[in-house]
Amino acid sequence: MKKLFLILIVAAFVILFPKSLSAQSGSLNFTSAFPMGEFKNNLDKTGFGIGGSFMFWLPTSDLPVSVGLNIGFINYGNELRREPFSSTIPDVTVDVERSNNLVNFHLLFQVGATSGVVRPYAEALFGGSYLFTETQILSRGNDEVASSTNFDDFAWSYGGGAGFLIQLTDNEMGDFSSIFLDIKARYLFGSSAEYLKEGSVRINNGRVSYDVSKSKTDMLTAQIGVTAYFNSISF
């Protein structure tokens with residue numbers, strides 16, 4: 001499934017961007033994610049993370065459509081405990097941190113205003129999400145000693161959203177021609193996936209068992225960040 005997803009993304013790149021890629025704008029935002037439907041029944045917890053996108057085809061007055069790529073990271077739960085380093089070295093302790101995370105990757109299509117201080121827009125997204133739970137051993141200096149992925153799965157996702165840009169600068173500043181405050185909300189419909197949440201990993205007598213949840217992975221996200229239009233950035 002994951003390999004098929006990557007093949008489809010590469011194929012989309014070939015079709016949409018047959019020439020050398022040149023990013024026209026980029027965004028970086030803070031994200032709050034709210035599970036919806038079946039996902040909320042299993043995971044009634046707000047996630048937080050960051051996201052960003054690059055647009056390779058910007059809108060014009062004749063065709064107010066832009067096309068690009070969006071990627072996001074969301075953490076939806078952490079657990080932390082202190083443990084002896086080993087049974088033979090009980091006088092040295094380490095932190096054991098477990099995190100439940102989601103990474104999504106989408107083709108992004110936007111249509112919206114091309115001028116004005118405030119520019120509303122709507123968007124559509126098509127892609128997928130990778131859900132994984134990871135456990136890390138950290139030293140007292142917060143350096144990673146070891147880590148392992150306990151559980152992971154993949155879900156297709158698609159959805160739409162709306163937002164608006166508020167112009168902050170209109171002067172050329174080195175690599176940037178203009179910078180906007182970007183505020184948006186999205187609703188993503190996710191296919192069924194298996195995943196862990198806080199308390200899903202159980203350790204008894206040195207053995208590990210997982211309490212696996214399964215549901216669709218719909219979510220509502222609220223985002224705020226900045227969008228910058230570039231003078232020229234090529235890939």
Side-chain angles (χ1 to χ4, degrees), residues 25-55 66 68-80 97-113 118-136 149-168 179-201 213-228:
S25 72
S27 66
L28 182 66
N29 55 65
F30 171 78
T31 301
S32 297
F34 308 94
M36 304 297 288
E38 295 178 3
F39 201 21
K40 182 178 180 179
N41 292 337
N42 287 340
L43 183 68
D44 191 9
K45 183 180 181 66
T46 302
F48 297 96
I50 59 174
S53 61
F54 283 105
M55 308 304 289
S66 52
L69 295 171
N70 182 89
I71 188 169
F73 171 85
I74 296 168
N75 171 271
Y76 60 89
N78 292 292
E79 299 172 71
L80 180 65
E97 182 177 28
R98 183 174 298 112
S99 60
N100 302 303
N101 310 295
L102 180 152
V103 174
N104 53 34
F105 191 95
H106 295 94
L107 290 173
L108 175 62
F109 303 86
Q110 288 183 345
V111 56
V118 179
R119 306 182 186 183
Y121 63 85
E123 58 186 16
L125 303 96
F126 303 90
S129 298
Y130 174 63
L131 298 90
F132 66 99
T133 295
E134 182 181 52
T135 299
Q136 294 177 303
T149 298
N150 305 108
F151 195 89
D152 63 351
D153 202 2
F154 176 85
W156 295 104
S157 64
Y158 68 94
F164 54 90
L165 301 172
I166 301 175
Q167 191 166 20
L168 301 177
I179 299 176
F180 294 80
L181 177 67
D182 189 1
I183 301 174
K184 72 179 73 177
R186 291 171 173 165
Y187 196 102
L188 296 174
F189 297 91
S191 65
S192 182
E194 295 183 331
Y195 51 88
L196 303 181
K197 56 185 180 180
E198 289 184 29
S200 292
V201 180
S213 299
K214 183 177 181 179
S215 70
K216 292 184 177 180
T217 51
D218 298 355
M219 70 174 62
L220 173 69
T221 65
Q223 299 171 298
I224 183 169
V226 293
T227 293

So [Y] and [X], do their side chains get closer than 4.5 Å, heavy atoms only?
X    : Y    : value
F109 : F126 : yes
Y121 : D182 : yes
F54  : L69  : no

Which atom of [X] lies closest to which atom of [Y], heavy atoms considered:
X    : Y    : value
G51  : T31  : N-OG1, 4.1 Å
M55  : L108 : SD-CD2, 3.7 Å
G225 : L181 : O-CD1, 3.4 Å

Show me the side-chain donor-acceptor pairs of residues 213-222 shorter than 3.5 Å, one per line, residues at least two apart or across chains.
from	atom 1	to	atom 2	distance (Å)
S215	OG	Y195	OH	2.7
T217	OG1	S191	O	3.0
D218	OD1	G190	N	2.9

Salt bridge (Lys or Arg N to Asp or Glu O under 4.0 Å) involving E123 - partner list, sequence neighbours excluded:
K184, R186

Residues two or more places apart in sequence or in another chain: which of them pass salt bridge (Lys or Arg N to Asp or Glu O under 4.0 Å) with E38?
none

For V201 and R98, what are the C-alpha separation, side-chain angles and deciding distance, and is it a side chain to side chain contact (heavy atoms under 4.5 Å, CB included)?
CA-CA 9 Å; V201 180; R98 183 174 298 112; 3.6 Å; yes

Nearest 0.5 Å, please: how far is [atom2] in [Y] from [atom1] in [X]?
X    : Y    : atom1 : atom2 : result
L131 : L102 : CG    : CG    : 4.0 Å
S27  : I179 : OG    : CD1   : 12.5 Å
S192 : F39  : OG    : CZ    : 10.5 Å
I224 : S32  : CD1   : OG    : 10.0 Å
F48  : Y76  : CZ    : OH    : 15.5 Å
L28  : S53  : CG    : OG    : 9.5 Å

Parallel, tilted or perpendicular: which one describes the rings of F132 and Y130, with boundaries at 30° and 60°?
parallel

Backbone N or O of [Y] within a donor-acceptor pair of the [X] side chain at under 3.5 Å?
X    : Y    : result
N104 : G72  : yes
N75  : N101 : no
K45  : G77  : no

What do you reckon, is CD1 of I50 surrounded by more than 12 foreign heavy atoms closer than 6.0 Å?
no

Listed pairs under 3.5 Å, donor-acceptor, residues 157-168 side chains, sequence neighbours left out:
from	atom 1	to	atom 2	distance (Å)
S157	OG	H106	NE2	2.6
Q167	NE2	T169	O	3.3

Can a side-chain donor-acceptor contact be found between S99 and E134 if the only test is distance below 3.5 angstrom?
no

Could you verify whether a donor N or O on one side chain and an acceptor N or O on the other, from N100 and T133, lie under 3.5 Å apart?
yes

Output all residues satisfying side-chain hydrogen bond (donor to acceptor under 3.5 Å, both in side chains) with N150, sequence neighbours left out; order by chain, then residue number.
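If we apply the side-chain hydrogen bond (donor to acceptor under 3.5 Å, both in side chains) test to N150, skipping adjacent residues, the hits are T135.
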
F30: ring pair (Phe, Tyr, Trp, His ring centres under 6.0 Å) partners, not counting sequence neighbours:
none

